[in-house]
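Worksheet: the structure to be examined is printed underneath.
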There are 2 protein chains.
Amino acid sequence: MSRAEKAAAERPTLAAVARGAGVSASTASLAFSGAGPVSPATRERVLAVAEELGYGGPDPRARSLRRGRSGIVGAVIESSLSDAFRDPVNVAMLDGLADVTGPADNSLLLLTETTPAQSRLIDAPLDAVVLFGCSLRLDESVAVVRRRGMPVVSIEARPMDGVLDIGLDNVEASRTLARHLRELGHRRVAVVALELGPTRELGRITDERVAAGTTHTALQRLAGVREVFPGAGGVVTAGSWTSEGHRAGMLLLDVPPADRPTAIVAQSDLLASGVIAAAAELGLAVPAELSVVGFDGIRLDDPRAADLTTMRQPAVEKGRAAGRALLDLLAGVPAESQTFTSVFHPGCTTAPPREAGV
Amino acid sequence: MSRAEKAAAERPTLAAVARGAGVSASTASLAFSGAGPVSPATRERVLAVAEELGYGGPDPRARSLRRGRSGIVGAVIESSLSDAFRDPVNVAMLDGLADVTGPADNSLLLLTETTPAQSRLIDAPLDAVVLFGCSLRLDESVAVVRRRGMPVVSIEARPMDGVLDIGLDNVEASRTLARHLRELGHRRVAVVALELGPTRELGRITDERVAAGTTHTALQRLAGVREVFPGAGGVVTAGSWTSEGHRAGMLLLDVPPADRPTAIVAQSDLLASGVIAAAAELGLAVPAELSVVGFDGIRLDDPRAADLTTMRQPAVEKGRAAGRALLDLLAGVPAESQTFTSVFHPGCTTAPPREAGV
DNA sequence: TTGTAGGCGTTATCAA
DNA sequence: TTGATAACGCCTACAA
């Protein structure tokens, strides 16, 4: 028996407190939960004995078995925490989620879609689950959770049976950006895409990678652009980070001028920021020599990308909506998928191409 | 009875599976946990019946009561998630923590030090707790947790009884930076401090605010600077964000040149980045007209602050150390507080003051 | 207002 | 290798 176990074994229980106070366990329970009538006198006596014995209140483990609820919502993210939280959009969504679940006495358990058959998803005492931009093991995760009968909410995932999704108008929003560029006169447009899955490797957008792609958001945003610029190519990145945008930008821009796109559609503001940094390094003026658009509408630290042309998406609201849906589901109230809308923000990183109509 | 409750009530239990397979509950349990000898035949039979009944494996709630372990570690942060995660240092520490706890089958529950008497800290099924830069309700949180007999690890908190702390050489590191500035010839030096507590309000550093300060890290870093520049003044911010650094910078720099500091010690790289942005706005060249140092050693997106003179701290390692300490404590192995060391990184944001020896 | 009884779903111990 | 038994600590009808 380890020291910790011994200490735990020695902790007083509600029964011990009740005994000490000369009342029954049920009365003591009421004294703590306030879920029933207890005379002030007995309550105080119980509390006093608890204090004396160093009893810290009902054990949440026992309580959650009895009640059938743990008060814990699993927030599943695909990658490592630092990868995911590097993008303010994810943090904003998480914050929105916590904003709603917290006051309802639910906390968030951080889970990553790790290899061994979603082990934590299986053995953590969860009441419900939110899937944050998961793609790789999406089906597997959903299967595990559904089998347990837990409500599942996804954020920007492809539609799945029995999963309520909080979506975004990715196709339409990307189309809007693409149209904006076309109207300015751009014809040579390249995309810098978010990770497409299943691998996270920077490289050219190819039909193969698109066909094998698992990340709904990236695929949708690409589709939106291609509605306006059919067959538009570009680069797939490993994720929504400035450094990846920079690498992608170098790949696309460090070429003979004739091969260079006149505009780049980055699938996130962070990527756009990296692209703009790459352009600066190559001595390309934005927007005079290169137009760049992003996606998300976050505030960027890099002054060169400060007023980016982008689509603003309601990230915090999406998180809140996911939280509300979860609470409804948990309460047995029917809830439905919903889609949020992005708003076009014209910044100063787009302009007509130097030679219109190349 | 809500729909969710009804569904839960209908879920098969281990006992039901055992009955279906014609074995005892204990045998069925072994078939799932693999914690004992079961003949392959029976195991398969049990698993088959489970599959058929749609049984998703042992209920974690019951398991955690029985085992006395939930596999959940509480990560307590003081502010909102988005405030905390805006600083990559916090994300890195969390990542390091998850790095260690994850493989040991422990997940992280995100908790904020909210008002109502640490409610979630009390009623969430936690095995242990990590305190991340908490200050306001630190004592209260610790009291709650200790009473439950849970191991507690703090990160850069002031020393507390029964709390293992993962520290950083904040005083020494800050002194190093201050000395560096003094050796360059600076005499008029201002500090841009992290939030000092108990309020989060931008304003001048005053004796009162310092005396009332609760944030260990900020106080230590200030003390380190003051060892070299006694009585150094400056600005307290609301937190480690670029925007706060910018505001603080404007406050300190947008004054007659004679009143202007020749160097600013920002207590984080993010703050430093904001200060540099403010300097740029005011047309002050860094480092020619103003030296700026930061703290942390994170990579910054703003190219003007790209190569900041700063102290690099091992944030991920700190998180890992906290995780290891926690696991030790949980296993009953004695563990001790430890302090990490920062490394001076000379960047290109410091230089001798324009007129040495003002 | 308080007490009694039973069980939430598992797993550990021990005996067979 | 399997099974019976007894908790784990609490909560909630229901009865007193």
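Protein chains get the first letters and strands the later ones, always in sequence-line order, with residue 1 at the start of each. Scope of the values below: all heavy atoms of this structure, side chains included, with no hydrogens, waters or symmetry mates.
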Tell me: [atom1] of [X] to [atom2] of [N], nearest whole Å?
{"X": "B:L65", "N": "C:dG7", "atom1": "CG", "atom2": "C1'", "answer": "12 Å"}
{"X": "B:R69", "N": "C:dA12", "atom1": "CZ", "atom2": "C1'", "answer": "16 Å"}
{"X": "A:R45", "N": "C:dT1", "atom1": "CZ", "atom2": "P", "answer": "14 Å"}
{"X": "A:R67", "N": "D:dG9", "atom1": "CZ", "atom2": "P", "answer": "17 Å"}
{"X": "B:R11", "N": "C:dT10", "atom1": "CZ", "atom2": "P", "answer": "12 Å"}
{"X": "A:L53", "N": "D:dG9", "atom1": "CG", "atom2": "P", "answer": "14 Å"}
{"X": "B:D59", "N": "C:dC8", "atom1": "CG", "atom2": "P", "answer": "12 Å"}
{"X": "A:L30", "N": "D:dT12", "atom1": "CG", "atom2": "P", "answer": "9 Å"}

Does OP1 or OP2 of [N] have a side-chain N or O of [X] closer than 4.0 Å?
{"X": "B:Y55", "N": "C:dT10", "answer": "yes"}
{"X": "B:S24", "N": "D:dG3", "answer": "yes"}
{"X": "B:S29", "N": "C:dT11", "answer": "yes"}

Assign [X] to base, sugar-phosphate, or nothing according to its heavy-atom contacts below 4.0 angstrom with the strands shown.
{"X": "A:L14", "result": "sugar-phosphate"}
{"X": "B:T42", "result": "sugar-phosphate"}
{"X": "B:T13", "result": "sugar-phosphate"}
{"X": "B:R61", "result": "nothing"}
{"X": "B:P37", "result": "base"}

* Asked: Nearest nucleotide by nearest heavy atom, which residue falls closer to the 5' end of DNA chain D, B:V38 or B:R66?
  -> B:V38
* Choose from C:dT11, D:dG3, C:dG3 the nucleotide whose nearest atom is closest to any side-chain atom of B:V23. => D:dG3
Indicate yes or no: does [X] engage [Y] in a salt bridge with an N to O separation below 4.0 Å.
{"X": "A:R66", "Y": "A:D59", "result": "no"}
{"X": "A:D139", "Y": "A:R158", "result": "yes"}
{"X": "B:E78", "Y": "B:R137", "result": "no"}

* **A:S24 and A:S26: side chain donor to acceptor below 3.5 Å** => yes
* Give the ring-plane orientation class for A:F32 versus A:Y55, where under 30° counts as parallel, over 60° as perpendicular and anything between as tilted. => perpendicular
* So does B:S26 reach the base of D:dA4 with its side chain, donor to acceptor, closer than 3.5 Å? -> yes
